[in-house]
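Notes to accompany the following structure.
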Amino acid sequence: MRRRGGVVLVRTHMKFWSQTFIPTLKETPADAEIASHQLLLRAGLVRKLGGGLYTYMPAGLRVIQKISQICREEMEREGGIELALPHIHPVGNWQQGPRWAAAREIMYRADSAGDGKRPPREPEFVLGPTHEEVITPLVKHEITSYRDLPKNFYQITTKFRNEIRPRFGLMRAREFIMKDAYSFDATDQDAMLSYHKMAKAYTAFFTRCGLKTISVEADTGVMGGNFSHEFMVPAPVGDDDVVYCEKCGYAANRQKATSALGAEGIPDPGQGKIEEFATPGVLTIAALEAPPYGVAADKQFKTLVYMGDGRPFLVVLRGCDDLEEAKLGALGFQLWRAATPEEIEPVMGAKPGSLGTVKGTIKNSGALAGIFADDTIRLVGHGTTGANKDGFHLRDVTWRDLQISQWGDYRRVREGEPCPQQTIGHSCCGQPLKIARAIEVGHIFKLGTKYSEIFGAMFTDDKKQSHPMVMGCYGIGISRTMQAVVEQSNDADGIIWPWSVAPWQVLVVNLDPQDSAASDVANKLAAAAEAAGADVLVDDRPERPGVKFKDADLIGLPLRLTVGGRGLKEGVIEMKWRAGKEVRKVPLADAEREITATVRTAAAP
RNA sequence: CGGGGUGUAGCUUAGCCUGGUAGAGCGCCUGGUUUGGGACCAGGAGGUCGCAGGUUCGAAUCCUGUCGCCCCGACCA
């Protein structure tokens, strides 16, 4: 019994409010700050156990199940094959994989809690934060021939991540529900096809959930891989920044975004005269901007010291720019972090505040793993930088005077910079870029052969040659999607569920549940709505009308039917959309037919 | 992990500065009156003031430590 628009979980039976459990709250819980988090709690959809740990209450679980089912349908449509991988992983799988060092910190150990006497050892088991390290060995054993490719396996399961900072309810949780999929292809071309199929499935999925998303170029992060796109829901409470161009459609995650700033046509400044001058107590860009020095931030070379896999390296930016740390991922280090003053001084010869990379001034440049200069420092021309001598700077320095091992893009893009998009006939689009906050609800990666090579997931082609499979991986935050829908669809009174993911689609408010005539009408209308294909909740609680209407608005079911003594005297019931204002009186005689037609129309895609 | 906040009844909170019997609203229980947008009256139950030390005749209040939670940042679906 498939239905269009919505999905079928199990054969539906109308639910009576008094016989399920929807604990609504009149007041806003103190530890929820954003609208969606407050509404999830107030509407009785979730309850908190601890930071980033939530119970899905009966109504919330129904939403999760509906979103999951829509996801399942769209995955199957694009060839996905559902399975379920273990949550507990032998740590060896991760140690063998490419990102144990970087990922272990966010992973929960899952071995015995111990006898309390011995100190903790290395874990034997970990809880799965994602599953590349498990699916790839599985496929290695099970698939060996090109005849069995391509394959795309997916699952919808709980993931465990020791988030540095859980926040906003389900938005970033320690335990959350995710759909993850892994594609295996014989060729790069086929892998691109798999990638595009997933992009298509994602677009269809989010559209069906009633979410407006945009897809943006993204950083591949700890995942590695060739390239990736994120699916973002624009929202002020999101914790990602999307950089986009209104003219050409360029859109990228801030970690990945670039601009055309300093891209071309900058004259060679030649070498500077380089004069040392005293700057006692000047430790910041701002202090050097101030009188008596008056050096504008964009005329300063800023030198940052980082540690990459235990060795120091330098990044050179304009004084006015910020480093985009994620871009350091391109440098090839497994782990990197800002260096401490104690680590800096022996290498540079000075404390932070007087650092620079002018040739010959670095005390121990042999210790450095590299000096990485951002392309835009060419814009400085003749500028100022630290002398690697506490309390001294150098002026009239150009990039030609600096020691540099590699150029690249390391800076954070700012709003208003020119769009970098390449278009035919023009070197770049050039329109001012905009930046907006967004919630990341999905992410697709083309992984390449990184995992298949490490785990030996090989196949034999039709010429008896052995090759690593080309992989892709694809995630959707199911529980996060639920909250994103609420965040995007609510008003002062409560949630406004889209038809497709509403826990129930029709709410029959029986204002006089003690009255058998009213109850008969209410139950008949509910049965009609259900027969037409809706999930129906009947509010049969012995509450005052005000309470029932307030709760109805709060839990936000799309269509409300009201049955009460006042209407019945006139011979009418009332029909109202949660999203609208109009209350329509429907004569009793027409009610069942009207409801059937209305539900069928709403359920159509 | 760095910065900022906060912890008093199931929920929202007052009291803390200036130490002296812990208060309110919502919710809950009993009875009554109400009955189309979070009713009203009367009565009632419910708190070792996050925890542990300390100062003091006396600590929710002052001090120290610790834990939880919330927000900003780096990271993620």
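Letters A, B, ... are given to chains in the order of the sequence lines, protein chains preceding strands, and every chain is numbered from 1.
A:Ile478 CD1 to A:Thr158 OG1: the interatomic distance, rounded to the nearest 0.5 Å, is 11.0 Å. The distance from the CZ atom of A:Arg566 to the CD atom of A:Glu570 is 8.5 Å, given to the nearest 0.5 Å.
Along RNA chain B, the nucleotide closest to A:Gly565 and the one closest to A:Asp239 are compared, and the more 5′ of them pairs with A:Gly565. Closest-nucleotide positions on RNA chain B for A:Thr28 and A:Thr24 were compared, and the one nearer the 5' end corresponds to A:Thr28.
A side-chain donor from one of A:Glu76 and A:Tyr154 sits under 3.5 Å from a side-chain acceptor of the other. Looking only at atom types and distance, the side chain of A:Asn490 has no donor-acceptor partner in the side chain of A:Ser36 under 3.5 Å away.
One can place CD1 of A:Ile444 at 17 Å from P of B:rC76, the figure rounded to the nearest angstrom. Between the C1' atom of B:rA77 and the NE2 atom of A:His229 lies a distance of 17 Å, rounded to the nearest Å. Here B:rC75 presents its P atom at 15 Å from NZ of A:Lys256, a figure rounded to the nearest Å. Between A:Glu230 atom CD and B:rA77 atom C1' there is a gap of 9 Å when expressed in whole angstrom units. Remark: P of B:rG36 and CG of A:Leu568 are 14 Å apart, rounded to the nearest angstrom. Atom CD of A:Glu324 is separated from atom P of B:rG73 by 13 Å (rounded to the nearest Å). A straight line from CG of A:Asp553 to P of B:rG37 spans 12 Å, rounded to a whole angstrom. Computed from coordinates, the A:Ile476 CD1 to B:rA77 P distance equals 12 Å when rounded to whole Å.
Interface remark: the A:Arg165 side chain does not form any donor-acceptor pair with the B:rC71 base, using a distance-only criterion of under 3.5 Å. Between the side chain of A:Arg560 and the base of B:rG37, at least one donor-acceptor pair of N or O atoms lies under 3.5 Å. Remark: the A:Arg42 side chain and the B:rG38 base include a donor-acceptor N/O pair separated by less than 3.5 Å.
Contacts of A:Asp512 with the nucleic acid, taken as non-hydrogen atoms under 4.0 Å apart, are absent. Nucleic acid contact class of A:Asp551 (heavy atoms, under 4.0 Å, all strands): base. A:Ala173 comes within 4.0 angstrom of a nucleotide base, judged by non-hydrogen atoms across all strands. Counting non-hydrogen atoms under 4.0 angstrom, A:Val547 reaches a base of the nucleic acid. Among the heavy atoms of the strands lying under 4.0 Å from A:Ile164 is at least one base atom, whether or not backbone atoms are also near. When heavy atoms are screened at a 4.0 angstrom cut-off, A:Ser479 is found touching no nucleic acid atom at all.
Using a cutoff of 4.0 Å between basic side-chain nitrogens and carboxylate oxygens, A:Arg437 and A:Asp239 are not scored as salt-bridged. With respect to the salt-bridge test (charged N to carboxylate O, under 4.0 angstrom), the residues A:Lys327 and A:Asp409 qualify. Between A:Glu574 and A:Arg584 there is no salt bridge, since none of the side-chain N atoms of the basic residue sits less than 4.0 Å from a carboxylate O of the acidic one. Salt bridge annotation for A:Glu122-A:Arg104: present, with a cationic side-chain nitrogen under 4.0 angstrom from a carboxylate oxygen. Remark: A:Arg318 engages A:Asp321 in a salt bridge, criterion side-chain N to carboxylate O under 4.0 Å. One finds no salt bridge joining A:Glu487 and A:Arg480 here, because no Lys/Arg side-chain nitrogen approaches an Asp/Glu carboxylate oxygen to under 4.0 Å.
Base pairing of B:rA60: no nucleotide in any strand meets the Watson-Crick or G-U wobble criterion (both distances under 3.5 Å). When both distances must be under 3.5 Å, the Watson-Crick or G-U wobble mate of B:rA14 does not exist. The partner of B:rG37, taking Watson-Crick or G-U wobble pairs whose two distances both stay under 3.5 Å, does not exist in any strand shown. Pairing of B:rG73, defined by two Watson-Crick or G-U wobble distances under 3.5 Å, is identified with B:rC1. As the counterpart of B:rC28, B:rG44 is assigned, both hydrogen-bonding distances of the Watson-Crick or G-U wobble pattern falling under 3.5 Å. If you check B:rU6 for Watson-Crick or wobble pairing at under 3.5 angstrom, you find it paired to B:rG68.
Within the 4.0 Å cut-off from OP1 or OP2 of B:rC76, not a single side-chain nitrogen or oxygen of A:Arg172 is found. Considering only side-chain N and O atoms, A:Arg254 lies under 4.0 angstrom from the phosphate OP1 or OP2 of B:rA74. Side-chain nitrogen and oxygen atoms of A:Gln255 include at least one within less than 4.0 Å of the OP1 or OP2 phosphate oxygen of B:rC75.
The P atoms of B:rC69 and B:rU12 are separated by 16 Å, rounded to the nearest whole Å. Taking atom P on both nucleotides, B:rC72 is separated from B:rU64 by 28 Å, rounded to a whole Å. Using C1' as the reference atom, B:rU6 and B:rG19 are 22 Å apart when rounded to the nearest Å. Taking the C1' atoms as reference points, B:rG7 lies 12 Å from B:rU13, given to the whole Å. The C1' atoms of B:rG5 and B:rA9 are separated by 24 Å, rounded to the nearest whole Å. Taking the P atoms as reference points, B:rC62 lies 16 Å from B:rU8, given to the whole Å. Remark: the separation of the C1' atoms in B:rU61 and B:rU55 is 13 Å, to the nearest Å. With C1' as the reference atom, B:rA59 and B:rC51 are 15 Å apart, rounded to whole Å.
Screening A:Arg411, A:Arg414, A:Lys256, A:Arg254 for a salt bridge (Lys or Arg N to Asp or Glu O under 4.0 Å) with A:Glu324, the sole residue that qualifies is A:Arg254.
Residue-environment remark: CD (A:Glu105) stays at or below the threshold of 12 foreign heavy atoms within 6.0 Å. Within 6.0 Å of NZ in A:Lys576 there are more than 12 heavy atoms belonging to other residues, nucleotides or ligands.
Of the candidate nucleotides B:rU12, B:rC76, B:rG36, B:rG36 has the atom nearest to the side chain of A:Glu574. When distances run from any side-chain atom of A:Arg544 to the nucleotides B:rA39, B:rG36, B:rC75, the shortest one goes to B:rA39.
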For nucleotides 68-70 of chain B, tabulate all protein N/O to nucleotide N/O atom pairs closer than 3.5 Å, reporting atom names and distance.
{"unit_1": "B:rC69", "atom_1": "OP1", "unit_2": "A:Gly51", "atom_2": "N", "d": "2.9"}
{"unit_1": "B:rC69", "atom_1": "O3'", "unit_2": "A:Lys48", "atom_2": "NZ", "d": "3.0"}

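Here A:Phe549 does not pack flat against the base of B:rG36, since the 5.5 angstrom centre distance and 30 degree tilt limits are not both met.
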- For every nucleotide of nucleotides 22-31 of chain B, 5' to 3': is a protein heavy atom under 4.0 Å from its base (B), only from its sugar-phosphate (S), or from neither (-)? ---BSS----
